[in-house]
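Data first, discussion second: the structure below is written as structure tokens.
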Amino acid sequence: MGEMFKFTEEEKAELLEMSEQLRQQMGDEYREEDAEKVRDQIESDLQENKIKRDVFGLNPILMSFQTALLELEEIGMKRDCVLSILLYNSVANESLTIEEVETEYGTSIAHIIRGLVRIHELYRKSPVIESENFRNLLLSFAEDMRVVLIMISERVVLMRHIRDTENNEAQQKVAEEASYLYAPLAHKLGLYKLKSELEDLSLKYLEHDAYYMIKEKLNETKRSRDAYIEKFIKPIAEKLDAMGCNYSIKARIKSPYSIWMKMQNKHIPFEEVFDLLAIRIVFTPKDRQKEVEECYQIYAALTQIYKPHPTRFRDWLSNPKANGYQALHNTFMSRQGKWIEVQI
């Protein structure tokens, strides 16, 4: 049988806290009978000693709850995805069948779990997953896009927890998969925040010294960068106010991963990465029928303030991205002689 699985006191407290967070996040979709059945299933798995810590010593129950919370907070999935995540371990350890899931929870949840099982079987069978072919195979095996979203969320949660592991070989493998498999999938699905986190964490684990060098350089220049951004934004805000636009402007810095890739691709040091900054203008159109026209008007106003780059204009209004993203992008020369990307 092996040693019985036990929760630490800290893990028990964390599980209770996450259970309450799930209740609040799910709102009207939360059902007490679902929660009771999941609790009973976990207790049954514990009594039968079906639960094992993973190669990093992590608690799979806590990891599933964290994945469910991430799904709710970042992607907006609800009951079916949450229950699929929480029940998958029981199906994987064969204490629960997919047929039983279908009877107790419904066809949709059984369908998602069946997809998760297929994906994990594909992992075990495929010797080469660092390829575009494997990404395409994964998407076809999943059948349901919710399965892929869960896999991405699982990997983000795992990457967050392996920072201090002594199992460096397993950490490297997980980080490599995050970089060449999960980050591109997140990008393809428009999950840019999760994509960026996966990339940065993979850099942190695979290129430790480079990651912390970039972080240190960014911290050193933060004060001057903030002042620079403020000067760049001020005339834009004045112009948009005069136009009567309803807008917000947010500045963002390139991620450590993006900076590192630019350094590698162009063979340059950090100090020569000039387009570290990007400005995003998000506006609410005065007339929904004319929102595209207003976007072009805002762009035209920017060209009256700053010189646009002649070759970096991107028009995703007339040709939206596959995930529905619509915007205008270009890089503009500031009055201090530096290029800044602006997204509208």
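As a basis for the values below, the full set of heavy atoms in this structure was taken, side chains included, without hydrogen atoms, waters or symmetry mates.
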Residues two or more places apart in sequence or in another chain: which of them pass salt bridge (charged side-chain N to carboxylate O under 4.0 Å, His left out) with Arg79?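 Residues passing salt bridge (charged side-chain N to carboxylate O under 4.0 Å, His left out) with Arg79: Asp34.
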
Are side-chain heavy atoms of Glu272 and Lys266 found at a separation under 4.5 Å? no

Could you pull out every donor-acceptor pair under 3.5 Å between side chains of residues 147-156 and any protein atom, sequence neighbours left out?
unit_1	atom_1	unit_2	atom_2	d
Ser153	OG	Glu71	OE2	2.8
Ser153	OG	Leu149	O	3.0
Arg155	NH1	Val174	O	3.3
Arg155	NH1	Glu177	OE1	2.9
Arg155	NH2	Glu177	OE1	3.2

So, using side-chain hydrogen bond (donor to acceptor under 3.5 Å, both in side chains) as the criterion, who are the partners of [X] when residues are at least two apart?
X	result
Glu176	none
Thr221	Arg225
Tyr299	Asn330
Asp200	none

Can you tell me if CD on Glu166 sees more than 12 non-hydrogen neighbours from other groups inside 6.0 Å? no

Mind jotting down which residue pairs meet the salt bridge (charged side-chain N to carboxylate O under 4.0 Å, His left out) criterion with at least one end in residues 335-344? Sequence neighbours excluded, please. Arg252-Glu341

Among residues two or more places apart or on two chains, list those pairs meeting salt bridge (charged side-chain N to carboxylate O under 4.0 Å, His left out) that have a residue in residues 83-101. none

Please, which pairs that meet side chain to side chain donor-acceptor pair (under 3.5 Å) have at least one residue in residues 204-219, sequence neighbours excluded?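 Every pair satisfying side chain to side chain donor-acceptor pair (under 3.5 Å) with a residue in residues 204-219: Lys217-Glu271.
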
Side chain to side chain contact (heavy atoms under 4.5 Å, CB included) evaluation trace for Phe7 with Leu62: CA-CA 10 Å; Phe7 276 71; Leu62 294 187; 4.3 Å; yes

What ring-ring contact (aromatic ring centres under 6.0 Å, His included) pairs are there with at least one residue in [range], not counting sequence neighbours?
range	result
residues 64-98	Tyr88-His120
residues 218-244	Phe232-Tyr306
residues 8-48	none

Could you check whether Gln172 and Asn168, counting side-chain N and O atoms only, form a donor-acceptor pair closer than 3.5 Å?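 The answer is no; no qualifying pair exists.
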
Pair Glu43, Gln47: side-chain N/O donor-acceptor within cut-off below 3.5 Å: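 Their side chains do not contain a donor-acceptor pair, so the 3.5 Å distance test is not met.
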
Hey, is Lys12 close enough to Glu9 for a salt bridge, meaning N to O under 4.0 Å?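 Yes, this pair counts.
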
For Asn167 and Thr165, run side-chain hydrogen bond (donor to acceptor under 3.5 Å, both in side chains): C-alpha distance rounded to whole Å, both residues' side-chain angles, the deciding distance at 0.1 Å, then the answer. CA-CA 5 Å; Asn167 191 338; Thr165 182; 5.6 Å; no

